[in-house]
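Here's the structure we're looking at; comments come further down.
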There are 2 protein chains.
Amino acid sequence: MPGFQKSDTLEILLYAAEELFAKQGFDGTTLRDITGLAGVNLAAAHYHLGNKEALYIKVFTRRLQPINESRLARLARAEQEANISLVGMEQLIEIMARPLFELAADTQHGGQYFARILGRCLVEPLPFMEAIITAELQPVMARFGQALRRHSPQLAPEEYLWRFSFVIGAMHHSLATLHGMKVRTHGICRDHDAAAALQRFIPFAVATFTAPVKPEPVNNR
Amino acid sequence: MPGFQKSDTLEILLYAAEELFAKQGFDGTTLRDITGLAGVNLAAAHYHLGNKEALYIKVFTRRLQPINESRLARLARAEQEANISLVGMEQLIEIMARPLFELAADTQHGGQYFARILGRCLVEPLPFMEAIITAELQPVMARFGQALRRHSPQLAPEEYLWRFSFVIGAMHHSLATLHGMKVRTHGICRDHDAAAALQRFIPFAVATFTAPVKPEPVNNR
DNA sequence: AATATTTTTAAACATCTGTTTGTATAGTCA
DNA sequence: TGACTATACAAACAGATGTTTAAAAATATT
């Protein structure tokens, strides 16, 4: 956790909540867990945030909003630079994925935990988070979905959406389990290695969208 | 829920628990939720299962064990039939994936809920489930990982493992969110359509493993 | 039919949960 | 300095939670 100068209870609280929500989930984490880890009084959570759900939402949007702003800004700039031609597929995927992979690899400032929270949010539907997801995440994903679509006009809509679903699933699953990569691969792949993960993910995503519709028989050796 | 003949409290309990654990998670579901939905007495859960964790484990293994037995049996038979040559890549992926996709599409007997529980288990690490995952799931996945590896000797170990991770992530993420596919795609992709999902997933997985290591520049239209 | 065993039930238990309250403390500005 | 505001704190509250207990009911066995 980074060093705080004054008595910034709110910040300490958000970092502690982020870590525990990532590790234990919303329902598996109590406010006493959080305030205990943060070393602040139990009532501080309610004083600064109002209630537990508001704390979770704050933890979530605090990370996601800057990421999405950065993504949309970079996308807009890339489209401007590309003028009338299309922004390259690698670049689109890189713009979409890099901020998340870098955050997931950040073990110094707690960013790693947000990637896990995001992964949870997409699989476990917390009722009070639906509106947040719809408002904060879906428009950005739809934006990239449209941009990528222009590179794959040969794919039928259903085919394209399945592939998009696979790519997004692979990304979020990898992000959410990045911290266990080393153990899972017996030391071959490193934990929290954004550069390596991204270097593998971008060609993977490109290959997914550019694969032929009816693949020719696979080379069996 | 299927019809039960006698007073089979245990079965009713397992179906109710499966549905609620899938929708709300382990910590988000109370025993009173479960016994209430099942229409049985609260103490019945403890009488038949012992405690809440044992109930969750039972819900989990009840579905996973038959699936894994079927997978391993089909794999062994395919390898026998292939004799000294390799079992085809499509076939390997099909054997690994089909039982899960078919369960995820089963809206009649609650199978759809297990796919969501499995997706949760891979993202949110319930402490008491680690041993179960290690014992029940990892050996089977390692088995398929090895079999697929023989088709991709050109890939460096790290490269192969990243691709395997993407494929598994795409599969489990899609399985866990299959029930929302129709809404997410504005009606273009159907919910609970195992055949369609599998038909897209198998070529996707094959393309992932067969993509060149250094992809040539993408066709920008 | 009588006994033994299994299953169901209502009630209670101890603990934990999010939240609220009232008050003390620290900081700010006139 | 003195009044005012923002923050921190300990304590308590009401309700929920997993679990246990003991007795009733149902089922099986002799």
Side-chain angles (χ1 to χ4, degrees), chain A residues 1 3-60 62 117 120-121 124-129 132, chain B residues 1 3-60 62 117 120-121 124-129 132:
Chain A
M1 268 195 249
F4 300 100
Q5 51 266 27
K6 305 183 185 180
S7 156
D8 207 338
T9 305
L10 176 58
E11 285 285 292
I12 299 175
L13 215 38
L14 291 177
Y15 278 97
E18 186 174 49
E19 177 175 344
L20 293 179
F21 282 147
K23 289 179 176 172
Q24 310 174 353
F26 179 77
D27 291 309
T29 304
T30 72
L31 287 174
R32 285 169 180 82
D33 288 342
I34 295 169
T35 54
L37 176 63
V40 308
N41 189 273
L42 171 62
H46 292 92
Y47 176 75
H48 286 282
L49 278 315
N51 60 32
K52 191 184 175 185
E53 291 187 0
L55 169 57
Y56 191 88
I57 292 173
K58 185 70 186 174
V59 165
F60 187 78
R62 177 178 73 129
I117 290 177
R120 282 180 185 266
C121 279
E124 51 180 270
L126 291 168
F128 68 90
M129 285 299 291
I132 310 287
Chain B
M1 267 195 255
F4 299 101
Q5 51 267 27
K6 305 182 184 179
S7 154
D8 208 338
T9 305
L10 176 59
E11 284 285 292
I12 299 175
L13 216 39
L14 290 176
Y15 279 97
E18 186 174 49
E19 177 174 345
L20 292 178
F21 283 145
K23 290 179 176 173
Q24 308 173 355
F26 179 77
D27 291 308
T29 305
T30 72
L31 288 173
R32 285 168 179 83
D33 287 343
I34 295 169
T35 54
L37 176 62
V40 307
N41 189 273
L42 170 61
H46 292 93
Y47 175 77
H48 286 282
L49 278 315
N51 59 32
K52 191 184 176 186
E53 291 187 1
L55 169 58
Y56 191 88
I57 291 172
K58 186 71 185 172
V59 165
F60 188 78
R62 176 178 73 132
I117 291 177
R120 281 180 186 266
C121 280
E124 52 179 88
L126 290 168
F128 68 91
M129 283 299 289
I132 310 288

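Since the model is a prediction, treat every value here as computed from it, not as a measurement. Throughout, protein chains are lettered first and strands after them, A, B, ... in sequence-line order, and every chain is numbered starting at 1.
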Output, in order, the C-alpha distance, side-chain angles, deciding distance and verdict of side-chain contact (heavy atoms from CB on, under 4.5 Å) for Lys58(B) and His48(B). CA-CA 11 Å; Lys58(B) 186 71 185 172; His48(B) 286 282; over 6 Å; no
Tell me the interatomic distance from [X], atom [atom1], to [N], atom [atom2], rounded to whole angstroms.
{"X": "Asp27(A)", "N": "dG18(D)", "atom1": "CG", "atom2": "P", "answer": "11 Å"}
{"X": "His46(B)", "N": "dT8(C)", "atom1": "NE2", "atom2": "C1'", "answer": "15 Å"}
{"X": "Ile34(A)", "N": "dT17(C)", "atom1": "CD1", "atom2": "C1'", "answer": "12 Å"}
{"X": "Asp33(A)", "N": "dC16(C)", "atom1": "CG", "atom2": "C1'", "answer": "11 Å"}
{"X": "Asp8(B)", "N": "dT6(C)", "atom1": "CG", "atom2": "C1'", "answer": "14 Å"}
{"X": "Leu55(B)", "N": "dT17(D)", "atom1": "CG", "atom2": "C1'", "answer": "15 Å"}
{"X": "Leu31(B)", "N": "dG18(D)", "atom1": "CG", "atom2": "P", "answer": "5 Å"}
{"X": "Phe26(B)", "N": "dT17(D)", "atom1": "CZ", "atom2": "C1'", "answer": "12 Å"}

Contact class for Ala44(A) (heavy atom, under 4.0 Å): base, sugar-phosphate, or nothing?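 Nothing: the residue Ala44(A), judged by heavy atoms under 4.0 Å, touches no strand.
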Using a heavy-atom cut-off of 4.0 Å across all strands, would you classify Thr29(B) as base, sugar-phosphate, or nothing?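 The residue Thr29(B) makes sugar-phosphate contact but no base contact.
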Of the nucleotides dT7(D), dT7(C), dT19(C), which one has an atom closest to the side chain of Tyr47(B)?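 It is dT7(C).
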Between dA12(D), dT19(D), dC9(D), spot the one nearest the side chain of Arg32(B), thanks.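 My answer, after comparing the listed nucleotides, is dT19(D).
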Phosphate OP1/OP2 of [N] contacted by [X] side-chain N/O (<4.0 Å):
{"X": "His48(B)", "N": "dT8(C)", "result": "yes"}
{"X": "Thr9(A)", "N": "dA8(D)", "result": "yes"}
{"X": "Asn41(A)", "N": "dT7(D)", "result": "no"}
{"X": "Thr30(B)", "N": "dA16(D)", "result": "no"}

Identify, between Gly39(B) and Lys52(A), the residue whose nearest nucleotide on DNA chain C lies closer to the 5' end.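 Result: Gly39(B).
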Measure from the side-chain N and O atoms of Arg120(B) to the backbone N and O of Lys23(B), and report whether any donor-acceptor pair falls under 3.5 Å.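 Between the backbone of Lys23(B) and the side chain of Arg120(B) there is a qualifying donor-acceptor contact (under 3.5 Å).
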Aromatic contact, Phe26(A) with Phe60(A) (centres under 6.0 Å):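 Not close enough - the centres of the two rings lie 6.0 Å or further apart.
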Is there side-chain contact between Leu10(A) and Leu49(A), with at least one heavy-atom pair below 4.5 Å?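 Touching, per the 4.5 Å side-chain cut-off.
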State, yes or no, whether a side-chain contact exists between Cys121(B) and Phe21(B) at a heavy-atom distance under 4.5 Å.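 Cys121(B) does not reach Phe21(B) side chain to side chain.
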